[in-house]
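Just so we're on the same page: letters track the sequence lines, and every chain starts at 1.
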Amino acid sequence: MPAMNILQELKQRFQATLTQLVDDPSAELEMIRPAQDARFGDYQANCAMPLGKKLGKPPRDVAQQIVEQLDLNDLCDNPEIAGPGFINLRLLDDWIQTQLQHSVSDERLGVTPTASPRTYIIDFSSPNVAKPMHVGHIRSTVIGDSLCRIFRFLGHQVISDNHLGDWGTQFGMIIYGYRNFALSEAYEQEPVQELGRVYRVVRGIMDHYDALDRQPVVAQRIAQLQTEVEQAERQAEEETEKAAKKKATKACKKLRGQLNEAVAEQKSLSQKIEKAADNPEFAERLAAHKTIRDDVLAETAKLHSGDPENLQLWKEFLPKCRDEIERVYNRLQVSFDEELGESFYHDRLKAVVDDLQAKGLATESEGATCVFLDGFEAPMIVRKKDGAFLYATTDLATLQYRVERWSPDAILYVVDFRQSDHFDKLFAAARRWGIENVELRHVEFGTVLGEDGKPFKTRAGDTVGLESLLDAAVERAAQVVNDNDDAKPQGAELSTAQRQEIADVVGHAAIKYADLSQNRASDYVYSEDKMVALRGNTATYLQYSYARVQSIFARGGIDIESLRQGNGTISIAHEKERALALQLLRFSEALTEVEVDYRPNHLTNYLYELATLFSGFFEACPVIKADTPELRDSRALLCDLVARTLKIGLSLLGIQVVEKM
RNA sequence: GCGCCCAUAGCUCAGCUGGAUAGAGCAACGGACUUCUAAUCCGUAGGUCGGAGGUUCGAAUCCUCCUGGGCGUACCA
């Protein structure tokens with residue numbers, strides 16, 4: 001008998017019965033679900049209530065009718081009808097045992113590959129190669145990578161594509177910086193560091209001039225806001241009607257808030273500018289590069305128009321920049337099938353715009369070439385008035401290329417939700433352009449916020465580099481590993497090298513899990529403490545559970561391989577065993593939940609619950625000292641299934657396990 | 001102004017397409033290591049699911065309005 005998804009099996013059993021009551025029972029089938037509360041059994045069917053309404057019968061009668069016609073004898077106890085018409089189902093221990101027994105010898109733990117495989121292109125990570133990666137890049141990278149792994153495991157074809165920013169203004173900055181600030185010796189020895197340094201130098205000067213420009217604007221805004229605040233205050237004062245007064249007071253408060261913000265910005269601008277005055281070297285640079293912003297744009301434009309020298313520099317820098325981000329990907333164990341960056345599409349952009357124009361989709365407006373779309377206030381601009389293309393253009397070209405090359409069923413963009421407007425337009429434009437029969441989906445996620453609750457800004461100056469965060473997590477993990485090993489009852493058992501390796505795995509896992517376990521739609525307040533936490537619902541807890549199982553096998557001298565080969569039988573007796581067994585059988589349900597709406601946190605929730613149930617089992621059900629050899633074998637096999645489910649489950653999140661902790 | 005999103009325990013968050021008495025972790029308090037790893041477990045306490053209406057047999061979940069916050073909004077990505 002093949003292993004199966006319990007929910008699917010139940011739905012199949014219900015289908016025959018429900019078809020007799022309604023033409024299309026799919027909605028009713030969806031109302032079969034895991035029980036919310038153990039008192040109601042394992043699963044519940046909630047379809048009798050709406051059916052009662054539809055058929056004009058009392059729901060409990062409908063439930064009774066369904067139950068009488070159901071053939072579940074090999075699967076469940078007699079269904080119970082409760083409350084207004086809930087049908088409560090409790091699986092037979094025998095059936096659970098049989099199912100689990102199958103998982104024992106199944107590499108996929110009873111998860112059958114999908115019957116309808118699709119081709120997915122998953123676009124994620126996509127950093128600017130010239131800038132160091134920071135915490136803001138984690139979400140896309142980690143969520144996208146996990147989705148790739150999960151969809152592959154489910155039997156879909158997945159093409160992961162890193163749409164690198166490798167053709168933008170950053171390269172104009174690096175080229176400019178290289179020409180003006182690079183030290184040849186440093187560049188020869190450590191090119192990436194040196195390019196990073198000159199990038200920051202250029203950035204610093206540009207920021208300074210931006211700040212200088214911004215200062216009068218802010219000053220003017222402050223003046224204006226002050227007047228407005230005074231006006232609003234007067235109005236609030238004079239207003240006699242209650243509701244209007246309240247409204248005026250509120251408007252007043254809002255304006256004050258804006259004023260405070262502007263004042264704060266002014267302060268930060270002056271600080272930035274004063275800092276330059278204190279630094280003679282920087283002041284000298286400022287004086288020598290007064291037109292830096294235009295010059296950088298000019299370098300970028302030259303690159304884009306095929307200037308041989310700039311192109312040559314770009315070709316020289318690009319691999320070095322890519323090596324740099326590759327190092328981070330290696331640490332994160334993330335890889336891509338394709339890394340077709342913006343530059344790959346450069347020579348296709350003109351054709352895209354020409355085609356849009358030829359088809360009457362793009363028109364000139366205020367000098368720019370625009371696609372106007374129903375339901376959108378602003379058009380999608382595909383060519384600026386200076387002739388340059390934009391990311392909308394690149395995204396259209398990319399979409400076209402992907403559809404032509406792979407004929408995917410779906411393209412997922414794992415990108416910050418702030419770009420949702422862009423993707424709405426992109427997808428709308430693509431449809432009008434004739435791209436059909438492909439699911440286009442912005443898998444959006446919340447913004448990474450700073451400690452102040454405001455969006456984490458790269459250019460704020462005090463960016464937290466991604467690598468330093470990883471280092472911090474590993475360091476904290478090392479501390480815990482050391483303490484724990486030292487405190488073991490039988491004495492420490494790990495070498496320094498082992499400890500280091502464990503800390504490495506645990507630390508990186510902590511970062512990834514912190515992100516994956518959160519609903520991706522929520523904003524994410526960046527907190528190092530939270531991200532490197534090693535207690536509660538964390539990867540560490542799951543890894544610990546895995547290591548505990550291995551420890552049982554090691555200490556008990558249990559030959560788990562031989563048990564798997566058929567020398568052991570699972571039998572469910574204890575309540576904790578049953579709860580654990582049932583959870584083990586639900587692995588595929590958890591993966592299906594991820595699949596439905598691209599939410600890896602459903603998998604982390606499942607694994608956390610599994611580990612929690614295992615801990616309960618661990619406390620209550622001794623393995624090595626079980627009463628009988630049969631019980632010992634049965635429990636060992638349960639432990640093994642827990643460990644294997646954790647290992648595979650974590651691997652689908654891009655997280656490793658260790659044998660000892 | 002217009003559009004999108006969010007509001008759940010002191011804090012950080014789960015809660016799948018509407019289901020029965022809303023759940024975790026952290027923090028607090030009280031217990032459990034001569035017994036397979038205490039990175040653990042058990043227990044206590046903590047809630048007007050922002051507010052008001054509505055739809056429904058049933059609403060944290062769907063609809064409307066209100067309040068508070070975030071983001072986006074014509075040539076950055």
Side-chain donor-acceptor pair present, A/Asn484, A/Tyr544, cut-off under 3.5 Å: no
Residues A/Tyr345, A/His163; criterion ring pair (Phe, Tyr, Trp, His ring centres under 6.0 Å); working and verdict: CA-CA 10 Å; A/Tyr345 299 97; A/His163 191 68; 5.7 Å; yes
Nearest-angstrom distance from the residue atom CD of A/Glu589 to P of B/C16: 15 Å
Length of the line joining A/His602:NE2 and B/A14:C1', which is rounded to integer Å: 9 Å
Touch class at under 4.0 angstrom, heavy-atom based, for A/Cys370 against every strand present: base
Base B/A20 to side chain A/Asn88, donor-acceptor N/O within 3.5 Å cut-off: yes
Touch class at under 4.0 angstrom, heavy-atom based, for A/Val481 against every strand present: base
Touch class at under 4.0 angstrom, heavy-atom based, for A/Ser615 against every strand present: sugar-phosphate
P spacing across the pair B/A60 / B/G68, given as an integer number of angstrom: 25 Å
Touch class at under 4.0 angstrom, heavy-atom based, for A/Cys47 against every strand present: nothing
Rounded distance (Å) that lies between atom C1' of B/C5 and atom CG of A/Asn519: 12 Å
No-H, no-angle donor-acceptor pair, A/Tyr391 side chain to B/A77 base, under 3.5 Å: yes
Test salt bridge (charged side-chain N to carboxylate O under 4.0 Å, His left out) applied to A/Arg599 - qualifying residues, sequence neighbours left out: A/Asp597
Touch class at under 4.0 angstrom, heavy-atom based, for A/Gln518 against every strand present: sugar-phosphate
Electrostatic pair A/Arg499-A/Asp486, nearest N-O below 4.0 angstrom: yes
Close N or O pairs between protein and nucleotides 1-3 of chain B (under 3.5 Å):
unit_1: B/G1; atom_1: N2; unit_2: A/Glu377; atom_2: OE1; d: 3.2
unit_1: B/G1; atom_1: N2; unit_2: A/Glu377; atom_2: OE2; d: 2.9

Sugar-phosphate, base or nothing in reach of A/Phe376, heavy atoms under 4.0 Å: nothing
Ring geometry between A/His304 and A/His346 (parallel below 30°, tilted from 30 to 60°, perpendicular above 60°): tilted
Face-to-face contact A/Phe40 to B/A20 six-ring, under 5.5 Å, under 30°: yes
At a cut-off of 3.5 Å, list every protein nitrogen or oxygen paired with a nitrogen or oxygen from nucleotides 22-33 of chain B, distance to 0.1 Å.
none

Reported CD-to-OH distance for the pair A/Gln36 and A/Tyr43, which is rounded to 0.5 angstrom: 12.0 Å
Selection from B/A74, B/U37, B/A39 that lies nearest to any side-chain heavy atom of A/Thr540: B/A39
Sugar-phosphate, base or nothing in reach of A/Phe372, heavy atoms under 4.0 Å: base
Sugar-phosphate only, base, or nothing, as touched by A/Pro489 at under 4.0 Å among non-hydrogen atoms: nothing
Carboxylate-amine/guanidinium proximity below 4.0 Å for A/Lys488 and A/Glu493: yes
A/Asp515 CG to B/U12 P, straight-line distance once rounded to whole Å: 17 Å
Sugar-phosphate, base or nothing in reach of A/Asn601, heavy atoms under 4.0 Å: sugar-phosphate
For atom NE2 of A/His442 and atom C1' of B/A77, their distance in whole Å: 13 Å
Candidates B/U12, B/C76, B/C16 - which lies nearest the side chain of A/Leu390: B/C76
Nearest-Å distance for atom pair CZ/C1', residues A/Arg383 and B/A74: 16 Å
Between C1' of B/G15 and CZ of A/Arg33, the distance in whole Å: 12 Å
Touch class at under 4.0 angstrom, heavy-atom based, for A/Glu342 against every strand present: sugar-phosphate
RNA chain B: 5'-proximal contact among A/Asp597 and A/Gln419 (nearest heavy atom): A/Asp597
